[in-house]
Amino acid sequence: MLDCVVHGWDVAQTIGVAFDPGADLVRYSLKVAALIPTGAASGDRPRTAFAPAVEISASSPALERLLGLVGRRPAAS
């Protein structure tokens, strides 16, 4: 589900349309994304599925925090 939400956002950004996944999907995906090791890949901490996490304000909406955890930079942040 995490991939669907994140890549759905990617596609929406690419084609210039709004993306508003349900709050439950974002909440669940945020919990899963929080389990992904942060930083660059290393021998004992592979991170090949996503870019290194980027800092997003803790007060930002859940979708923006999720995107930051998987290396995306939402325009509003």
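By convention here, the first residue in the shown sequence is residue 1. Keep in mind that this is a model prediction, so the values were computed, not measured.
One finds the CG atom of Leu30 at 12.5 Å from the CG atom of Leu25 (value rounded to the nearest 0.5 Å).
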Please determine whether side chain to side chain contact (heavy atoms under 4.5 Å, CB included) holds for the pair Leu67 and Val54, giving the CA-CA distance in whole Å, both sets of side-chain angles, and the decisive distance to 0.1 Å. CA-CA 8 Å; Leu67 294 169; Val54 297; over 6 Å; no
Leu63 and Val5: side chain to side chain contact (heavy atoms under 4.5 Å, CB included), yes or no, with the steps? CA-CA 9 Å; Leu63 179 59; Val5 173; 4.2 Å; yes
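Between the side chain of Arg65 and the backbone N or O of Ser60 there is at least one donor-acceptor pair closer than 3.5 Å.
Leu66 places a side-chain heavy atom less than 4.5 Å from the side chain of Leu2. Residues Val70 and Ile36 have side chains in contact (heavy-atom distance under 4.5 Å, counting atoms from C-beta outward).
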N/O donor-acceptor pairs under 3.5 Å from side chains in residues 7-21, not counting sequence neighbours:
from, atom 1, to, atom 2, distance (Å)
His7, ND1, Asp10, OD2, 3.0
Asp10, OD1, Arg72, NE, 2.9
Asp10, OD2, Arg72, NH2, 2.7
Thr14, OG1, Asp10, O, 2.9

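Annotation: side chain to side chain donor-acceptor pair (under 3.5 Å) contacts involving residues 23-37, sequence neighbours excluded, comprise Asp24-Arg27.
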